[in-house]
Amino acid sequence: MKKLEYKVDVFTGIRPSGGLHIANVIGSVNTIVTLQKKEEIGRPMVFVADLHALTDAEPKDTQKNVIEVVKDYIALGLDPKSCDIFIQSELIEEISGLNLYLSRLITVSELLRVPTLKEKIKKNMEVSNASVLLAMYPIMMASDILLQKSKFVPVGQDQQAHIEIARYLARKFNKAYGETIPVPNILTLGEPERIKSLSGDGKMSKTNPSGAILLDDPIEISLSKIKKAQTAFAGEMTDSLDSLLKIGKFVANEDEKEKIEEIVKRHMNGGNVMGEFKQVLSVAMQRYLKDFQEKKSKLSDSEIFKIVQDGGKIAKENAKETIKEVRKSMQFEYIS
Ligand code: ATP
Ligand code: MG
């Protein structure tokens, strides 16, 4: 069997939904930022999934959201020197092409069995009003991954089924047309942290801003949410307090982390120390948000365009090469 070479070490996507909150950072953004520092895994390539937004009922402000989200990620530590960032729709021709070729290798019923799709259909829509694009979502994701000949795709539990489809399609393609596309590997990430809403109702989410620390909000608003946040009675540990502690440890410096640990000990021994904890948390959060907002405000739109243009060139080159090989394997290349 021919040994196929990978082109990209780590491949991952971000959704262009603006207005991140601190739980998005802890549960998702930070994983990508950390990956870029792990040299043993290799250089990451990050794409902004603006085409995936088309599966929403009414995508809006796509371009503005794309710029915003790239600014967010860079302000949060993604370093364009250590990774390549590009915008998915820049590769529309190659993605559409591979989508079409891959679509014949998977059945309608196989697609409908993808658990994430089943869930979405159950939650928001029925088969009668779900778009074909939504059903094709896993194929589109496979195209994104396979065009770049990605070696590792880091994913949480919820996305594993999609990567399995990408692996399945690569194998099926190779079997049908000869060894062409290297099969990507899943890089399993631990269970994501689930941060609760500060107001105690469910998880922190954009949909419920009253319990969320939104990174772009004026800092006083976030501090007042911390003041009102649910904690626990002395001597007790609750999910709400556990989440606040996770947030605290994330934004704290070393001194503050030690202080928090010491406060928790006193709390578990029956001390009345939640006010003191919130004080430390507020100071750390204020510094964290100020730093983020300052960094973000220094990033200009033109700087972001330049970054995604550079990344786009690399991604486009990879995708063009892959499509050429795919067409050759399928005997669709008439002119060499
Ligand atoms: P929405 O309310 O619109 O669903 P959201 O706040 O849930 O928004 P998403 O855009 O759905 O945010 O999720 C983006 C990423 O952030 C996902 O990887 C998700 O797992 C992570 N994430 C979202 N909410 C939390 C949370 N409360 N704790 C930890 N991670 C979270
Ligand atoms: Mg969500």
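All ligand and atom numbering here is 1-based and tracks the order in the structure. None of these values were measured; they are calculated from a predicted model.
The protein atom (non-hydrogen) at minimum distance from atom 29 (C) of ligand 1 is Glu193 O, 2.7 Å. Nearest protein heavy-atom neighbour of atom 28 (N) of ligand 1: Ile195 N, 3.0 Å. Annotation: atom 6 (O) of ligand 1 to nearest protein heavy atom, His21 NE2, 2.6 Å. From the protein, the heavy atom lying nearest to atom 4 (O) of ligand 1 is Thr207 OG1, 4.2 Å. Residue, atom and distance of the protein heavy atom nearest to atom 22 (N) of ligand 1 are Asn24 ND2, 3.7 Å. With hydrogens left out, the protein atom closest to atom 30 (N) of ligand 1 is Ala23 O, 3.3 Å, a heavy atom.
In summary, the side chains of Asp144 and Gln88 do present a donor paired with an acceptor at a separation below 3.5 Å, with no hydrogens or angles considered. At a cut-off of 3.5 Å, with distance as the only test, no side-chain donor of Thr62 or Asp50 sits close to an acceptor on the other residue. Checking Asp201 against Ser197 by side-chain atom types alone, a donor-acceptor pair falls below 3.5 Å. The closest side-chain donor-acceptor pair between Ser300 and Ser302 falls under 3.5 angstrom.
Expressed to the nearest 0.5 Å, how far CD1 of Ile26 lies from OG1 of Thr31 amounts to 10.5 Å. With rounding to the nearest 0.5 Å, the separation of CZ in Phe250 from NZ in Lys257 is 9.5 Å. Taken to the nearest 0.5 Å, the CD1 atom of Ile213 stands 7.5 Å off from the CG atom of Leu281.
Of the candidates Gln159, Lys203, Arg15, the one placing a heavy atom closest to atom 5 (P) of ligand 1 is Lys203. Of the candidates Lys196, Arg194, Lys206, Arg194 brings a heavy atom nearest to atom 25 (C) of ligand 1.
Contact atoms of ligand 1 toward Ser28: 15 (C), 16 (O), 18 (O) (distance under 4.0 Å to a heavy atom of the residue). Applying the 4.0 Å criterion to heavy atoms of Gly27 picks out, from ligand 1, the atoms 29 (C), 30 (N).
A donor-acceptor contact shorter than 3.5 Å is absent between the side chain of Asn269 and the backbone of Gly271.
Heavy-atom distances between Ile26 and ligand 1 stay at or above 4.0 Å for every pair.
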